[in-house]
Asker: 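Just passing along the structure, written as structure tokens.
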Number of protein chains: 2
Amino acid sequence: MTRANHRVTSLDVARAAGVSQSAVSRSFTAGASVAPETRTRVLAAASALGYRPNILARSLVSRTSGLVGIVMGHLTNPFYPAVLEAFGAALRRVDKRMLLIPVPDGDVDQVIGEVLQHQVDGIVVASATLSSALAEECARQGRPVVLFNRTTTAPTVATVSCDNDGAGRLVARTLVAAGHRRLLYVAGTPDSSTNVERERGFRAEAAALGAAVRVVAGLYRYDTAFAAVTAALTQPPDAVFAANDVMGCATIDAARRHGLAVPEDLSVIAMDDGPMAAWAGYDLTVIRQPVTDMVAAAVDLLLAAGRGEAPAHIRLPGTLTERGSARL
Amino acid sequence: MTRANHRVTSLDVARAAGVSQSAVSRSFTAGASVAPETRTRVLAAASALGYRPNILARSLVSRTSGLVGIVMGHLTNPFYPAVLEAFGAALRRVDKRMLLIPVPDGDVDQVIGEVLQHQVDGIVVASATLSSALAEECARQGRPVVLFNRTTTAPTVATVSCDNDGAGRLVARTLVAAGHRRLLYVAGTPDSSTNVERERGFRAEAAALGAAVRVVAGLYRYDTAFAAVTAALTQPPDAVFAANDVMGCATIDAARRHGLAVPEDLSVIAMDDGPMAAWAGYDLTVIRQPVTDMVAAAVDLLLAAGRGEAPAHIRLPGTLTERGSARL
DNA sequence: CTGTTAGCGCTTTCAT
DNA sequence: ATGAAAGCGCTAACAG
């Protein structure tokens, strides 16, 4: 038991163990030179007093906070909670924690400032972009930035994303091969690189194969996608590629409401593979993004940058997961 | 422009502005006594050099880190991302950030240790509980803990939750008033206070009104709930209360697959009001938890504890949101 | 209002 | 292997 309301410091432990304060510090530092016997004594005293090293103080001198800033846009898109969990696990493995900043919208730049003040060891920006001016400032301060699920031309930031162009092509190829000719693309937010690439790949491949592609704006959200698809159904396509799974669900719901059966009358393939894609009510055929690998790659890039390596750009392939929403 | 690869400190700014280092500190402290003219000069120098105060150093002396630990269980339950966003917004308003620890399962205690080392100003534990030993240690260190969406008997932790018992009663009353008699409760994880309270209230009120209640185990997950409900449908109930919205969706899907129409053959009411509850495919009648208010209350409790007030227990009522899944 | 002076709790040379 | 001492970058008295 320890006295109430008193922050136990390494000095307290030192006194209790009859050693110097630095001996205590060493006992808590992996691979420091302490006599095993000393260390045991120190650890005993420490746990008796309920001592835990103060990471803030340590960070101040070691110049690494053990914190990684995660700047994330729309947590309500079920893709991102999965990403968050993956980052939590991956970062814990390298003994770092997440400083999470859910950014309302747009004002990423301001938010990055806050994160920098916390002396984070790196920053992950997901579902948003930051100005190149700020990217440069991060670089100057030696704080690696990796853009997750977005690409950029800023030379100082690393990026990790799915091969969206390839995914779009794969879907087009798959649908056309199954005999579909009138294709509909339900787009995400038009300014996101993710959406742009998926659309580009999908259209290019479809065009090459002689299939027509119409595009409606779904903005990555259920309600907008539902409305857009409903409107598009006046001239029904035979297959839909939705830029994320939420909009895939919206497409299916809109089709059913319109009296169309999925997949008999309409094939639906969506990007992402969140929890609801597997629900019995949807059974959505999807392109699964390799979230775990993407996150692992992002963490690697962060660490690599910490070692002074140049920012890289990683693209991982998505994989087609066939379920019941597409007649292939 | 500033020199590459050099962390700008307040001393650098002081020199550049021709003032003392403390003048710089004051210029960045709200309500400190600095001549306006001095402050402008300092701020100018600071922004020229790209200076940002180092929060770590500040925290070390001010003894508040500006960090709140958020320990969260299942991010994949769509209820929690919404909670996270709300906390992000509410905490930012009091100038604090989130140290997010997604806890795999169970090992909350170990995780709290990490959080404590970061000198957090408080800890929010959502969808999990912590041992009372650890709760006591937090208290001793003066770090307020609030349990979110869980209750406990530990005297040192505050709690915020929905009035789950009341919600259960409300649903039973509503369902029975609409003529339903054979009720089914799709339970969440049996050891969560949340589930226990909902079930207790639902059963008590149903019993009082002379309606029968069967219970199946859904574990708060889609797949288990789908299987459990499917099995229960061999002797169909007329109404279902699902302990969360995901299981509500599972119930609807299971019913439809079984050839039952919702709400004609089966009324479904669920707890929580996540994004998909409003989807056209489900149109789920729900008890909405007042997330924003709950989060605001949690933040208040954190701040109150910081001022030395005793831990309180707050319960906010849920509200019935009628949509199309229940015949009322 | 401003500068000087102590630390916050820890890591890290540098001697011993 | 250990202790003494010098900071990490900042805030907070305390004089002036």
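These numbers were taken from a predicted model, which means no experiment stands behind them.
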Asker: Check the pair A:Val13 / A:Val42 against side chain to side chain contact (heavy atoms under 4.5 Å, CB included), numbers first and verdict last.
Answerer: CA-CA 7 Å; A:Val13 177; A:Val42 168; 4.1 Å; yes
Asker: Among residues 23-32 of chain A, which residues get a heavy atom nearer than 4.0 Å to DNA chain D?
Answerer: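 Under 4.0 Å from DNA chain D: A:Ala23, A:Arg26.
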Asker: Salt bridge check: are A:Arg143 and A:Asp121 linked by an N-O gap of less than 4.0 Å?
Answerer: no
Asker: Whether A:Arg63 contacts D:dC8 is assessed here as follows: a side-chain N or O lying under 4.0 Å from the phosphate OP1 or OP2. Is that the case?
Answerer: no
Asker: What residues, two or more places apart in sequence or in another chain, satisfy side chain to side chain contact (heavy atoms under 4.5 Å, CB included) together with A:Ser193?
Answerer: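 Side chain to side chain contact (heavy atoms under 4.5 Å, CB included) check on A:Ser193 returns A:Arg150, A:Thr151, A:Glu197.
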Asker: Scan residues 24-59 of chain A for pairs that pass ring-ring contact (aromatic ring centres under 6.0 Å, His included), counting only residues two or more places apart or in two chains.
Answerer: A:Phe28-A:Tyr51
Asker: Could you check whether the side chain of B:Ser22 and the base of D:dT11 have a donor-acceptor pair of N or O atoms closer than 3.5 Å, going by distance alone?
Answerer: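 A donor-acceptor contact between them is absent.
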Asker: Salt bridge check: are A:Arg97 and A:Asp95 linked by an N-O gap of less than 4.0 Å?
Answerer: yes
Asker: Whole angstrom is fine here: how far is it from CD in B:Gln21 over to C1' in C:dT2?
Answerer: 12 Å
Asker: Report yes if a donor N or O on one partner sits less than 3.5 Å from an acceptor N or O on the other, where the partners are the side chain of B:Ser62 and the base of D:dA12; otherwise report no.
Answerer: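 Side chain to base: no pair present.
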Asker: Nearest whole Å is fine: how far is C:dT11 P from A:Leu56 CG?
Answerer: 12 Å
Asker: With ring-ring contact (aromatic ring centres under 6.0 Å, His included) as the rule and sequence neighbours excluded, what pairs involving residues 125-147 of chain B come up?
Answerer: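 Checked against ring-ring contact (aromatic ring centres under 6.0 Å, His included) - neighbours excluded - no pair reaches residues 125-147 of chain B.
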Asker: Closest-nucleotide mapping onto DNA chain C: is B:Pro36 or B:Ala57 further toward the 5' terminus? I mean the 5' end.
Answerer: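 Final value for this comparison: B:Pro36.
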Asker: Whole-Å distance between D:dG7 C1' and A:Arg58 CZ?
Answerer: 17 Å
Asker: Round to a whole Å and report the spacing from CZ of A:Arg7 to P of C:dG9.
Answerer: 9 Å
Asker: Separation of B:Arg39 atom CZ from C:dG3 atom P, in whole Å?
Answerer: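 Atom-to-atom, B:Arg39 to C:dG3, this comes out as 14 Å.
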Asker: Grab the CG-C1' distance between A:Asn54 and C:dG7 for me, whole Å please.
Answerer: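 Spelled out: CG on A:Asn54 to C1' on C:dG7 is 14 Å.
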Asker: Using 0.5 Å steps for rounding, measure from the CZ atom of B:Arg15 to the CD atom of B:Gln21.
Answerer: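 Nearest 0.5 Å value for the CZ-CD distance: 10.5 Å.
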Asker: When you get a sec, tell me which of D:dC10, D:dG3, C:dC10 is the closest nucleotide to the side chain of A:Val19?
Answerer: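 It is D:dG3.
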Asker: Of the non-hydrogen atoms in A:Asp109 and A:Ser131, which two are nearest, and what is the gap between them?
Answerer: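 In this case the closest contact between A:Asp109 and A:Ser131 is OD2-OG, 2.6 Å.
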Asker: Are B:Glu114 and A:Arg92 ion-paired here, with the side-chain N under 4.0 Å from a carboxylate O?
Answerer: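 Salt bridge present between B:Glu114 and A:Arg92.
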Asker: Starting at atom CD1 of B:Ile55, determine the distance to atom C1' of C:dC8, rounded to an integer number of angstrom.
Answerer: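 My rounded result for the distance is 16 Å.
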Asker: Are B:Thr38 and C:dT2 close enough that a side-chain N or O sits under 4.0 Å from OP1 or OP2?
Answerer: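 Yes, because at least one side-chain N or O of B:Thr38 sits under 4.0 Å from OP1 or OP2 of C:dT2.
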Asker: Please list, chain by chain and in numerical order, all residues satisfying side chain to side chain contact (heavy atoms under 4.5 Å, CB included) with A:Thr159, sequence neighbours excluded.
Answerer: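 With sequence neighbours excluded, A:Thr159 shows a side chain to side chain contact (heavy atoms under 4.5 Å, CB included) to A:Leu147, A:Thr152, A:Val157, A:His313, given in chain and number order.
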Asker: Please determine whether a side-chain nitrogen or oxygen atom of A:Ser10 lies at a distance below 4.0 Å from atom OP1 or OP2 of C:dC10.
Answerer: yes
Asker: Atom CZ of B:Arg52 to atom C1' of D:dC10: distance rounded to whole Å?
Answerer: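 Rounded to whole Å, this separation is 17 Å.
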Asker: For D:dG3, does OP1 or OP2 lie under 4.0 Å from any side-chain N or O of A:Ser20?
Answerer: yes
Asker: Can you work out whether B:Leu11 or A:Val34 has the more 5'-proximal nearest nucleotide on DNA chain D?
Answerer: A:Val34
Asker: When the axes are fitted on five pairs at both termini, how much does the helix from C:dC1-D:dG16 to C:dT16-D:dA1 curve, in 10° steps?
Answerer: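 Overall, the helix from C:dC1-D:dG16 to C:dT16-D:dA1 bends by 40° from one end axis to the other.
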